[in-house]
Amino acid sequence: MSTAKTSEPTEVAEHTEPATYDVHAAQEKWRPVWEALDPFRALDDGSKPRRYALTMFPYPSGDLHMGHGEVLALHDVLARYWRLRGYDVLNPIGWDSFGLPAENAAIRRDEHPAVYTYANIEVQAESLRRYAVSFDWSRRLHTSDPDYYRWTQWLFLRFREKGLAYRKGSYVNWCPNDQTVLANEQVVGGVCDRCGAVVIKRELTQWYFRITSYAQRLLDDMSLLEGCWPERVLAMQRNWIGRSEGAFADFAVEDPDGRPREPLRVFTTRPDTLFGATFMVVAPESALAAELVSDEQRAAYEAYLIDTQRATEIERLATDRPKTGVFLGAYATNPTTGQRVPIWAADYVLADYGTGAIMAVPGQDQRDWDFAVAHDLPIVRTVQPPDEFDGEAYAGDGVAINSTNDEISLDGLGVDEAKARIAEWLETAALGERTVNYRLRDWLLSRQRYWGCPIPIVHCTDCGEVAVPDDQLPVELPYLSGTDLIPKGTSPLAAATDWVQTSCPRCGGDAQRDTDTMDTFVDSSWYFLRYCSPGYDRGPYDPEVVNRWMPAANYFGGAEHAVLHLLYFRFFTKVLHDLGMLDGLEPTESLINQGQVINLGRAMSKSLGNGVDLREQIDTYGVDAVRLTMVFAGPPEDDVDWADLSPSGSLRFLQRAWRLARDVTAPVDADVATGDVGLRRVTHRTVHEVGQLLESRRFNVAVARIMELVNAARKTIDAGPGGSDAAVRESAEVVAQLLSLVAPYTAEEMWAALGHQPTVATTSWPEVDEALLVAESVTCVVQVQGKVRARLDVPPDVDTATLEQLALADEHAQRAIDGRPVLRVIVRAPSLVNVVV
RNA sequence: GCUCCUGUAGCCCAAUCGGCAGAGGCAGACGGCUUAAACCCGUCACAGUGUGGGUUCGAUUCCCACCAGGAGCACCA
């Protein structure tokens, strides 16, 4: 055995083996091996601690792109790392396969949306397998499968039973291009998030989820995510939910003909300025406006309403546009001053925030100031601005003025005190109350499109809205294709008359099915739960199994979902918790938003012609080199510019690593203790550090450490013993294992070259010999006045006093001290001494 | 306009508790291998950390102001 250790193999190797391996052949070679071994299936048998690695599932539009390449590479490093660390890893994959692009493609190509959808899914699935993401394919799901959307419908019905899904008429966002309504979250800067068309408002009856009743909990439970989710996402959600504390105040109102009617309730965050409310404004499209308007003003109001509705969201959003409005001919009474104040309608007041009406306090609110100036309304300051203040409305802190009546005086109080005092007064006088308002609106979930989950409701002439009984789910989509799907402003489902006409589940009479489908964000709000027990048929998931895996240990995905999917799936999680179907309160422990892949400084786009194709990159450099490039590019949350990167450099490194394994001649059972200690130290330190780096998700630095190890091993080979040193074998094995997280094909090639059976992916994390982590000696820097003057080689455990003596005795240090008295010596053993003179 | 993040070598990025500014890579120069080139191997150079101040024995790191770039929000009463 000992004779086999010596030189004979190296010479043979040089002449017969190529200096590189064929990356593409390796891809062909290992895929079937892995598929046969099936090493990535989650066991869920309790033999190991469980860990759930979740990544946002793809939408099947065409093949995977560079963005997928990045997030999947990063995500897979974590999943594979946990597996080596001995966890039972759940790493599932599926498709978010309902949605508009498939429907639009179906119209273009005159076919059924499923054709496009499932063809793309197959293309992507093939690419994912080639990309060697360690998914458990046995759990694959598609949200457009009846087996899946049956349970989306089932969940909708449970929400409805709890009063969390309901229908109401309201002014809603309408995309004229996609011919469907949109949720608030899907309107960005006044345009459709998906197609960029300018959104308009229409009054329609639609389905909503009552997410607003979870506003406070969505806010409060962020404390559980603090430090584990990116601060940016939490900030955006906090901002979106938009909690504001204030009070309702009731203003007595008389009809145009002088009769008293129900008071006008407003929400304000500044109840302390109530004395300064000199007029009121209601949203023009609110029912309130139509009720209050006098006969003389009706024509003017109606003209204004039409103008408002014609205005697009973009125009309404422009901050500097003049404040328009119309007097309604009605008056309210300021409860503090008893003054009669006019009521106006103006489009700077929103119908769906607060009560749709405000008290206007021009002295302290710039918008009201602008309006007052434009329409010649009185302005009264109720907070004293500072002397140097030269603005118009004053919104800052200061003492109250002009705020006294027979019952109460706020004068002289600061804003906070005044707020508390007036709120008390409002409450005792039954004129209002303290309250909290949220910017968050209910989630509009119905869509007038075909390729989505049908809403399982039947409308009966006698019974009204009736839920489809659970045992009749799923309500499957009728077969429609091509021109049937052309948007007509109503749901395409309405045209499927045979499907629409049904009998009422309650009374058996004639009834019509609801013809809207659900927003696809509903589908994606619970898919991560379905993964846990994919075949389960007694509910959307098996709660017992789900509670074993949830919450997901990490969630990878793009930041563009910060207030969409990431808010919705938190909402679902909380509702399911309240339904007793889920233990946890939050869906994932940690979240990483990967950056975008850009090229030449800009987002890739067809019009700029700077697109990079993932498949082409893989064809050129191989899967491993592309994955490595993505992981090594920088911190995961940073944008990566493909033009700054070098997939060819990555490939070069992988070949170098592979050559290391090829050059190993020490036998599998060589006694590693006999190996080069210097290299062994590097090897063990690398394992230790890479472990720490991966725990803190610093993937790029971890790769750099692996590169260092390869360099160190190469140096050892070149320096003396060649590949026969047992330490070289040890380092090559460690490289193969660490590299298996990033470059699975290369790692497998190395593992085989080292004489091992596949697969390296299921080995266990190399054990670190603590003794080898301690350096033989360390360099101690000796500073004088903070400047480095000398370096000393000292034992790592040197004590403070000894080190101080050594440092002061050093001739370079003495020269720098130059005879001056030593005032202070700071010693940080073993690495630094600073002498202060 | 408001909020948040980021500024380190020609470029991408390290420096974990305030302690030697450089781990890794790209691009580059030189040398070796080669008939030659590519590949491969080796060696080398390049910044004092956006700017100005402060705290400290010591600041890339902490604090303040400013500049630049990026992201988010923007009539929410």
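Just so it is clear: chains get the letters A, B, ... in the order the sequence lines come, proteins before strands, and each one is counted from 1. Computed from heavy atoms alone, side chains included, the values below leave out hydrogens, waters and symmetry copies.
At whole-Å resolution of the value, CZ in A:Arg705 and P in B:A23 are 10 Å apart. Rounded to whole Å, atom P of B:G72 lies 11 Å from atom CG of A:Asp639. Spacing between atom CD of A:Glu708 and atom P of B:G24 amounts to 5 Å, rounded to whole angstrom units. Regarding A:Arg656, its CZ atom lies at a distance of 10 Å from the C1' atom of B:C40, rounded to whole Å. Between the P atom of B:G1 and the CD atom of A:Gln366 lies a distance of 15 Å, rounded to the nearest Å. To the nearest angstrom, P of B:G72 lies 11 Å from CG of A:Asp193. A:Lys787 has its NZ atom 19 Å from the P atom of B:G19, to the nearest Å. Counting to the nearest Å, the P atom of B:C75 and the CE atom of A:Met359 are 20 Å from each other.
Nucleotides B:G19 and B:C26 are separated by 29 Å at their P atoms, to the nearest Å. One P atom belongs to B:G54, the other to B:U49, and the distance between them is 16 Å to the nearest Å. Comparing the C1' positions of B:C62 and B:U56 gives an interatomic distance of 10 Å, to the nearest angstrom. When the C1' atom is compared between B:C73 and B:C12, the two are found 31 Å apart, to the nearest whole Å. Between B:C40 and B:A27, the two P atoms lie 10 Å apart (nearest whole Å). The same atom, P, is picked in B:C41 and in B:U6; the two are 37 Å apart, to the nearest Å. To the nearest whole angstrom, the two P atoms, one in B:A23 and one in B:C44, are 12 Å apart. One C1' atom belongs to B:U8, the other to B:G50, and the distance between them is 10 Å to the nearest Å.
Residues A:Gln692 and A:Phe632 each lie close to RNA chain B; by heavy-atom proximity, the contact nearer the 5' end of the strand is made by A:Gln692. Where A:Cys780 and A:Ala704 meet RNA chain B, the nucleotide closest to each residue was compared, and A:Cys780 sits on the side nearer the 5' end.
Summarising the geometry, atom OG1 belonging to A:Thr382 is positioned 3.5 Å from atom CD belonging to A:Gln364; distances are rounded to the nearest 0.5 Å. With rounding to the nearest 0.5 angstrom, the OG1 atom of A:Thr686 is 9.0 Å from the CG atom of A:Leu679. Rounding to the nearest 0.5 Å places NE2 of A:His561 at 13.0 Å from CG of A:Leu567.
Within the structure, every side-chain polar atom (N or O) of A:Ser648 is placed at least 4.0 Å from both OP1 and OP2 of B:C26. Look at A:Asn700 and you'll find a side-chain N or O under 4.0 angstrom from OP1 or OP2 of B:A14. Within the 4.0 Å cut-off from OP1 or OP2 of B:C40, not a single side-chain nitrogen or oxygen of A:Arg714 is found. Residue A:Arg828 places none of its side-chain N or O atoms closer than 4.0 Å to OP1 or OP2 of B:G58.
The nucleotide B:G72 finds its pairing partner in B:C2, both defining distances of the Watson-Crick or G-U wobble pair being shorter than 3.5 Å. The nucleotide B:A29 finds its pairing partner in B:U43, both defining distances of the Watson-Crick or G-U wobble pair being shorter than 3.5 Å. Across all strands shown, B:U16 has no partner, as no Watson-Crick or G-U wobble contact with both distances under 3.5 Å is found. With both pairing distances under 3.5 Å, B:A36 is matched to nothing as a Watson-Crick or G-U wobble pair. For B:U56, there is no paired base (Watson-Crick or G-U wobble, both distances below 3.5 Å). Pairing partner, B:U51: B:A65, with both Watson-Crick or wobble hydrogen-bond distances short of 3.5 Å.
With A:Ile358 as the fixed residue, the side-chain contact (heavy atoms from CB on, under 4.5 Å) test singles out one of A:Leu350, A:Val282, A:Asp368: A:Asp368.
The shortest distance between side-chain heavy atoms of A:Arg705 and A:Val703 does not fall below 4.5 Å.
Ionic pairing of A:Arg714 and A:Asp663 is present here: one or more N-O contacts between side-chain nitrogen and carboxylate oxygen are shorter than 4.0 angstrom. Taking 4.0 Å as the cut-off between side-chain N and carboxylate O, A:Glu433 and A:Arg265 count as a salt-bridged pair. A:Asp272 and A:Arg270 are joined by a salt bridge, as a carboxylate oxygen and a charged side-chain nitrogen come within less than 4.0 angstrom of each other. A salt bridge links A:Arg238 with A:Glu231: the closest approach of a Lys/Arg side-chain nitrogen to an acidic carboxylate oxygen falls below 4.0 angstrom.
Residues passing the ring pair (Phe, Tyr, Trp, His ring centres under 6.0 Å) test with A:Phe371 are A:Phe279, A:Trp344, A:Tyr348, A:His375, sequence neighbours excluded.
Side-chain atoms of A:Asn834 come within donor-acceptor range of the base of B:C57, with a qualifying N/O pair under 3.5 Å. The base of B:G58 has none of its N or O atoms less than 3.5 Å from a complementary donor or acceptor on the side chain of A:Gln785.
In the region residues 229-237 of chain A, proximity to RNA chain B at under 4.0 angstrom, judged on heavy atoms, holds for A:Arg232, A:Met236.
Glycosidic conformation, B:G31: anti, with the torsion outside 90° of 0. Taking 90° from 0 as the syn/anti boundary, the base of B:C17 is oriented syn.
Using a 4.0 Å heavy-atom cutoff across all strands shown, A:Ala643 reaches no nucleic acid atom at all.
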